[in-house]
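One structure is given here, and the rest of the page talks about it.
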Amino acid sequence: MYTFTDRGERSLTLRPEGTAPVVRSFLEHKMYGQALPVKMYYVGPMFRYERPQAGRYRQFYQFGVEAFGSADPALDVEMITMPIHVYRELGLEGFEVHVNSIGCPKCRPQYRELLRRYLEPHKDELCGSCQSRYERNPMRILDCKVASCQALTAEAPLMADHLCDECREHFAGITSYLQELDVAVVHNPRLVRGFDYYTKTVFEIKVPDLGAQDAVGGGGRYDGLVAEMGGPSVPGVGFAVGMERVLLALDKEGAKTLTRPGLDGFVAQFGGESKRHAVALVHKLRQAGLRVDMDYMERSLKAQMKAADRGRVSWVLFLGADELAQGVARVRWMDTGEEESIGLAEAAVYLRTKKEARS
RNA sequence: GUGGGUAUAGCUCAGUAGGUUAGAGCGCCAGGUUGUGGCCCUGGAGGUCGCCGGUUCAAAUCCGGUUACUCACCCCA
């Protein structure tokens with residue numbers, strides 16, 4: 001975690017994720033007294049200390065959802081499908097959803113021991129980090145990237161085969177809901193998320209094209225966390241999405257979602273009196289809710305047109321001496337090149353109406 | 001914390017037997033059209049060659065150091 005001492009000699013730590021803070025908030029405000037489940041979302045910056053690399057920044061942005069109070073597998077499914085909806089909405093395609101159950105305090109300890117016993121004879125053959133994982137968290141050996149470790153665990157016992165009745169039923173419930181909803185997921189029995197507060201369900205959404213840091217979102221159930229943090233025994237489930245990674249993935253897929261929206265229009269003027277009117281007109285158009293710009297560089301009309309084109313505007317208003325004399329402006333529609341005259345007094349309403357008609 | 005790579009114009013990058021005014025494409029500005037965009041043509045502006053030091057008559061180029069960025073490992077709460 002990113003911990004440092006500030007000028008007041010206080011030790012500060014920047015939050016690395018959103019779930020624990022949301023749980024604290026849930027407790028502080030005694031939300032377990034409200035109608036359950038309580039659902040919350042958050043959006044904001046998170047921080048990590050580890051060296052940055054592709055898709056892993058010191059400061060990054062996450063949004064997430066947490067739901068407290070129900071152990072129903074349908075709620076797990078809601079948390080799994082919600083980020084999927086978001087990705088689809090954004091136009092992301094190349095992602096896969098991995099789902100697994102890592103058991104609960106009733107069945108996981110036994111399984112963990114089973115795994116240890118299985119690996120014990122091969123302990124010396126494990127890679128360096130897996131040897132320490134053997135002591136600390138043997139389940140993480142299952143998703144080690146080192147080939148020799150993968151070979152050693154190829155036939156290892158899996159949590160899926162050693163879940164207690166409750167966990168097995170819960171996972172079966174999730175599987176059947178997902179099937180019913182026709183949501184394609186990969187049951188990945190080796191998926192072990194880093195957080196140890198998870199119980200039963202864990203899931204992760206990966207974009208294989210992203211490189212070493214390929215998870216764009218993930219989550220799981222944490223039925224013991226609220227109690228662990230000093231609250232009543234309230235189950236919870238949630239997910240978080242890393243926004244930069246989603247952007248990277250969209251960028252890689254060439255998604256059109258990332259294109260910057262243009263302005264509505266541009267007011268071109270010819271200097272002198274027309275500039276004074278342009279300033280006033282731009283102000284008026286903006287007040288009408290239109291996104292408008294004008295030239296502030298004393299540029300030629302041709303240059304103003306180029307600027308308008310760069311801003312990908314729908315229209316350009318020309319304010320010249322001739323127009324001003326008649327109290328009108330010329331409107332040029334940039335896609336067709338057609339022009340028309342519009343009274344200065346009606347311009348804002350007219351253009352606003354046109355905009356609404358288009359969208 | 002460990003290892004590799006990179007650093008030259010606003011951007012993406014060329015540029016070694018060390019040799020004069022360091023280049024291209026794109027972008028930007030102007031003109032070709034004395035009041036009209038996209039395409040095209042012409043011209044222009046813009047660079048401490050990351051920084052410090054060394055070798056040399058001469059360093060973007062060679063050597064040492066340093067900083068930043070980057071990819072991966074570690075880690076992923």
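Below, read A as the first sequence line, B as the second, and so on, with proteins coming before strands; counting in each chain starts at 1. Computed from a predicted model, the values in this text were never measured in an experiment.
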Polar side-chain contact A:Glu323-B:rG35 base: donor and acceptor under 3.5 Å
yes

When both hydrogen-bonding distances must be under 3.5 Å and the geometry is Watson-Crick or G-U wobble, what is B:rU21 paired with, if anything?
none

Using purine N1 to pyrimidine N3 plus N6-O4 or O6-N4 for Watson-Crick, or N1-O2 and O6-N3 for G-U wobble, each under 3.5 Å, what pairs with B:rU48?
none

Any-strand Watson-Crick or G-U partner of B:rG53, both distances under 3.5 Å:
B:rC63

Strand partner of B:rU33, provided both Watson-Crick or wobble distances fall under 3.5 Å
none

Determine whether a donor-acceptor pair (one donor, one acceptor, N or O, separation below 3.5 Å) exists between the side chain of A:Gln304 and the base of B:rU36.
no

Option from A:Ile342, A:Leu317, A:Asp264 for which side chain to side chain contact (heavy atoms under 4.5 Å, CB included) with A:Leu351 holds
A:Leu317

Residue A:Phe318, side-chain atoms from C-beta onward, closest of B:rG35, B:rA30, B:rC75
B:rG35

Taking OP1 and OP2 of B:rC76, is either one under 4.0 Å from a side-chain nitrogen or oxygen of A:Arg140?
yes

Could you tell me how the ring of A:Tyr198 sits relative to the ring of A:Tyr222: parallel (under 30°), tilted (30 to 60°) or perpendicular (over 60°)?
tilted

So what's B:rC26 paired with, Watson-Crick or G-U wobble, going by both distances under 3.5 Å?
B:rG10

Measure from CG on A:Leu324 to P on B:rG35 and round the result to the nearest Å.
15 Å

For B:rC69, give the paired nucleotide (Watson-Crick: N1-N3 plus N6-O4 or O6-N4; G-U: N1-O2 and O6-N3; both under 3.5 Å), or none.
B:rG5

Spacing of A:Ser25 atom OG and A:Met31 atom CE [to the nearest 0.5 Å]
3.5 Å

Given A:Thr175, A:Leu163, A:Asp72, A:Asp76, the one that forms side chain to side chain contact (heavy atoms under 4.5 Å, CB included) with A:His170
A:Asp76

